[in-house]
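Heads up: the structure comes next, in structure tokens.
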Amino acid sequence: MVENDSRLAWQPAASVASFLGESHGLWIDGEARPAKSEGTSCVVNPADGSVLSMVGAGTHEDIDAAVAAAKGSFLRGAWSGISPEAREETLRRLGGLIDEHAEELAQLDCLDNGMSLALARGEVAGSAAHLRYFAGWCSKIQGETIPPHRGGPYVVFTQREPVGVVGAVTAWNFPLDNAIWKLGASLACGNSVVLKPSEETPLSALYLARLAAEAGIPPGVLNVVTGLGAVAGAALSSHPDVDKIAFTGSTATGRTIVKASAGNLKRVTLELGGKSPSIVLGDANLDKHLPSIVGAVMHNAGQVCSAGSRVFVERSLAADFLDGARKIAEQLQVGPGWKEESEVGPLVSPRQLGRVLGYMGQGSQEGARIVSGGSRLLGELASGYFVEPTIFADVRDNMSIATDEIFGPVMSVLAFDDFDELVMRANDTAYGLAAGIWTQDVALAHRLARVLRSGTVWINCYNRFDPAVPFGGYRQSGYGRELGEAALDEYTQRKSVWLDFS
Ligand code: NAD
């Protein structure tokens with residue numbers, strides 16, 4: 001039993017309080033088990049530094065057990081061998097259970113990650129919709145009949161088969177969504193999964209594992225091992241019986257995972273970081289879109305891989321833009337996610353706080369001008385990891401706040417004069433996750449969308465996601481796609497079958 005820390009200034013629902021009060025084991029083969037080492041670690045509330053709960057600290061031995069359970073369930077056909085209809089019904093049931101337990105899941109992600117309750121509720125509703133979308137694919141994953149180019153007495157067809165055991169390693173910024181984005185497509189295709197959630201935010205994944213069992217997902221098909229990335233994550237990504245790693249996280253860790261995957265040449269998909277340009281052309285409708293342009297950076301306290309944090313503004317509009325953006329940023333309510341009025345929550349951890357404050361200091365040192373914010377928030381928020389929504393003007397392309405992913409509520413504003421120069425500068429980054437374009441000129445928007453080197457381009461909107469629309473990065477923002485039909489390719493392999501009828 002975990003004592004509720006007296007600093008927790010808000011009482012969540014009784015069912016959430018009871019869940020937090022448990023000391024959580026790992027979820028392996030359909031049951032909760034303590035880590036083999038008996039190690040545990042604290043889960044901390046970033047809004048006030050209190051201890052929320054305790055979880056098992058999984059090590060390579062636990063990963064071995066979880067992978068063995070996943071492999072056993074896969075080879076038995078416990079999930080891969082049942083009818084697509086049965087898989088579809090089970091995934092729909094899980095979507096329904098997520099809806100039924102939406103408030104519990106939202107409160108858990110709000111407490112664990114710091115995001116506002118409104119954002120967490122949206123995340124949970126999106127997760128249920130995601131599962132229902134992928135449930136529909138179960139019966140539609142099919143091969144083709146191929147007439148051989150060189151003829152012959154053959155019937156040749158392909159069938160699409162699951163890859164086997166999928167290791168899913170996820171980040172902390174949208175804990176439930178990160179997991180569901182991997183589980184929806186993996187499970188629809190018939191794979192068995194070992195999920196290693198971020199050590200910062202493991203709670204909703206553990207709650208989800210119970211719901212999955214209740215929905216009828218057989219033991220061994222979904223396993224959750226909590227633990228450190230360098231220990232449990234590393235063991236999973238180098239494991240010889242894991243057939244594929246689906247990773248969401250930083251570009252640096254992505255590189256480590258690719259190296260670790262080489263031992264058995266497992267397949268890898270990577271959803272990594274970004275430094276996405278948000279391009280405000282001279283004719284942009286600021287009255288209508290300025291809140292969205294600012295929101296594209298401040299959403300979830302800037303802890304969004306696709307954050308439109310490198311804002312290029314046509315010079316003729318720069319003064320109006322900065323004035324309007326400053327007013328919006330200054331009005332954003334910063335506070336604990338559980339307060340209905342909070343719009344920007346804390347950063348997830350002291351480490352993230354230090355990183356973001358470091359970049360704020362560096363921006364000033366390098367000569368950028370703070371238009372708004374720039375500091376940590378103390379006073380009644382001092383025990384949490386809060387910073388002010390921050391806007392820098394006079395940013396130059398080579399400053400660290402223009403090149404590095406900060407993953408905090410920090411907007412870097414860069415002025416531009418000419419279209420060709422803009423395209424060069426916007427594309428001059430190692431990343432390529434997303435881009436935003438704000439203009440009333442549809443032709444110009446299309447011209448720009450075509451030349452921006454990123455996996456997603458939003459025009460007059462930002463951070464729109466839908467289970468049917470593929471998402472993923474160009475260049476060092478990763479490879480492979482999540483969401484949509486494209487995700488099915490990542491979790492299946494094609495077998496060609498030849499029959500000689502001569
Ligand atoms: P991170 O790379 O530190 O950690 C991500 C996950 O990897 C965690 O579960 C962690 O435990 C694990 N991990 C860490 N070291 C590991 C290792 N050596 N081997 C295996 N696993 C290891 O990233 P983070 O700080 O949790 O998340 C922030 C990053 O994630 C940002 O760069 C952000 O852009 C990115 N992100 C990308 C997307 C996307 O869809 N492209 C979405 C969310 C977050």
Side-chain angles (χ1 to χ4, degrees), residues 41 43 46 55 57-60 63 112-113 115 123 167-182 194-202 205 224-239 242 245-263 266 268-276 297 299-309 347-356 404-408 429-434 454-456 463 465 469-483 487 490:
S41 58
V43 183
V55 297
T59 66
H60 71 95
I63 291 289
D112 202 354
N113 162 276
M115 68 175 70
E123 181 205 28
V169 180
T170 55
W172 42 258
N173 60 338
F174 289 94
L176 184 66
D177 256 7
N178 269 215
I180 290 286
W181 280 26
K182 297 181 176 1
V194 178
L195 168 63
K196 207 301 281 173
S198 167
E199 53 271 44
E200 305 288 359
T201 55
V224 179
V225 178
T226 52
L228 293 175
V231 180
L236 188 60
S237 46
S238 60
H239 202 290
V242 173
I245 290 282
F247 175 69
T248 297
S250 62
T251 297
T253 307
R255 230 171 251 124
T256 308
I257 284 184
V258 170
K259 286 182 193 146
S261 72
K266 57 173 68 66
V268 179
T269 45
L270 301 170
E271 294 287 355
L272 308 177
K275 187 74 184 178
S276 298
V297 193
H299 185 62
N300 201 18
Q303 301 168 121
V304 181
C305 51
S306 51
S309 54
L347 298 166
V348 77
S349 62
R351 184 167 147 255
Q352 192 63 15
L353 174 69
R355 178 182 164 86
V356 172
D404 297 5
E405 180 181 51
I406 299 175
F407 229 54
T429 165
Y431 296 113
L433 193 56
S454 64
T456 294
N463 278 335
F465 300 96
V469 182
F471 182 77
Y474 280 21
R475 296 186 282 173
Q476 292 183 40
S477 289
Y479 41 73
R481 288 293 175 270
E482 293 194 302
L483 314 187
E490 314 289 356

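When a ligand or atom number is given, it counts from 1 through the structure's own listing order.
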### Task
Would you indicate whether the side-chain heavy atoms of Leu272 and Phe247 approach each other to under 4.5 Å?
yes
### Message
Within the 4.0 Å heavy-atom shell around Ala171, which atoms of ligand 1 are there?
### Response
26 (O), 27 (O), 30 (O), 44 (C)
### Query
Counting from 1, what ligand 1 atoms have a heavy atom of Phe471 closer than 4.0 Å?
40 (O)
### Message
Here's a test for you: under side chain to side chain donor-acceptor pair (under 3.5 Å), which of Thr248, Thr170, Thr269 qualifies with Lys182?
### Response
Thr248
### Query
Any side-chain heavy atom of Leu236 within less than 4.5 Å of one from Val169?
yes
#### Entry: Under 4.0 Å to a heavy atom of Asn173 - the qualifying atoms of ligand 1, by number
43 (C), 44 (C)
### Task
Report the member of Cys305, Pro197, Gly227 with the shortest heavy-atom distance to atom 36 (N) of ligand 1.
Cys305
### Task
Identify, for atom 20 (C) of ligand 1, the protein heavy atom at the shortest distance, and state residue, atom and that distance.
Gly233 C, 3.2 Å
### Ser477-ligand 1 polar pair, N/O distance under 3.5 Å
no
### Query
Heavy-atom distance to atom 7 (O) of ligand 1: which of Trp172, Phe247, Phe465 wins?
Phe247
### Task
Please indicate whether any nitrogen or oxygen in Thr253 is less than 3.5 Å from any nitrogen or oxygen in ligand 1.
yes
### Task
State, yes or no, whether a side-chain contact exists between Val268 and Ser261 at a heavy-atom distance under 4.5 Å.
yes
### Query
For Pro175 and Met115, which heavy atoms make the closest approach, and how far apart are they?
CD-CE, 3.9 Å
### Query
For ligand 1, which atoms, with element, lie under 4.0 Å from some heavy atom of Glu405?
31 (C), 32 (O), 33 (C), 34 (O)
### Gln476/Arg255 under side-chain contact (heavy atoms from CB on, under 4.5 Å): CA gap, chis, key distance, verdict
CA-CA 9 Å; Gln476 292 183 40; Arg255 230 171 251 124; 2.6 Å; yes
### Task
May I ask whether Phe174 places a heavy atom under 4.0 Å from ligand 1?
no
### Message
So, 4.0 Å and heavy atoms of Gly478: is ligand 1 close enough to count as a contact?
### Response
no
### Task
Considering the heavy atoms of Gly273, write down every atom of ligand 1 situated less than 4.0 Å from one of them.
32 (O), 34 (O)
### Query
In ligand 1, which numbered atoms sit nearer than 4.0 Å to a non-hydrogen atom of Thr256?
18 (N)
### Task
Could you name the option among Thr248, Leu270, Val169 that has the heavy atom nearest to atom 5 (C) of ligand 1?
Thr248
### Summary
Heavy-atom proximity to atom 1 (P) of ligand 1, picking from Ala307, Ser238, Ser250, points to Ser250
### Query
Between Thr226 and Val55, is there a donor-acceptor pair closer than 3.5 Å when you use the side chain of the first and the backbone of the second?
no
### Query
Heavy-atom distance from atom 40 (O) of ligand 1 to the protein below 4.0 Å?
yes
### Ser477 side chain to Gly273 backbone, donor-acceptor under 3.5 Å
yes
### Message
Test your reading of the structure: does Leu272 have an N or O sitting under 3.5 Å from an N or O of ligand 1?
### Response
yes
### Query
How far is atom 11 (O) of ligand 1 from its nearest protein heavy atom, and which residue and atom is that?
Glu199 OE1, 2.5 Å
### Query
Taking C-beta and beyond as the side chain, do Ser306 and Phe465 meet within less than 4.5 Å on heavy atoms?
yes
### Message
Any atom of ligand 1 sitting under 4.0 Å from a heavy atom of Trp181?
### Response
no
### Query
Is it the case that Ser237 and Lys196 place a side-chain donor and acceptor less than 3.5 Å from each other?
no
### Query
Which option out of Gly229, Gly249, Ser198, Ser237 puts a heavy atom nearest to atom 29 (C) of ligand 1?
Gly249
### Message
Testing the basics here: between Leu195 and Ala179, what is the closest heavy-atom pair and its distance to 0.1 Å?
### Response
CD2-CB, 3.8 Å
### Task
Please tell me if the side chains of Asn173 and Val348 come closer than 4.5 Å, counting only heavy atoms from C-beta onward.
no
### Message
Show, in sequence, the C-alpha distance, side-chain angles and deciding distance for Phe174 and Trp181, and conclude whether the ring-ring contact (aromatic ring centres under 6.0 Å, His included) test is met.
### Response
CA-CA 10 Å; Phe174 289 94; Trp181 280 26; 8.8 Å; no
### Close N or O approach (Thr170, ligand 1; < 3.5 Å)
yes
### Task
Report yes if some N/O of Asn178 lies less than 3.5 Å from some N/O of ligand 1; otherwise report no.
no
## Note on the structure
the protein heavy atom lying closest to atom 28 (C) of ligand 1 turns out to be Phe407 CE2, 3.6 Å
### Heavy-atom side-chain proximity of Glu271 to Asn178 below 4.5 angstrom
no
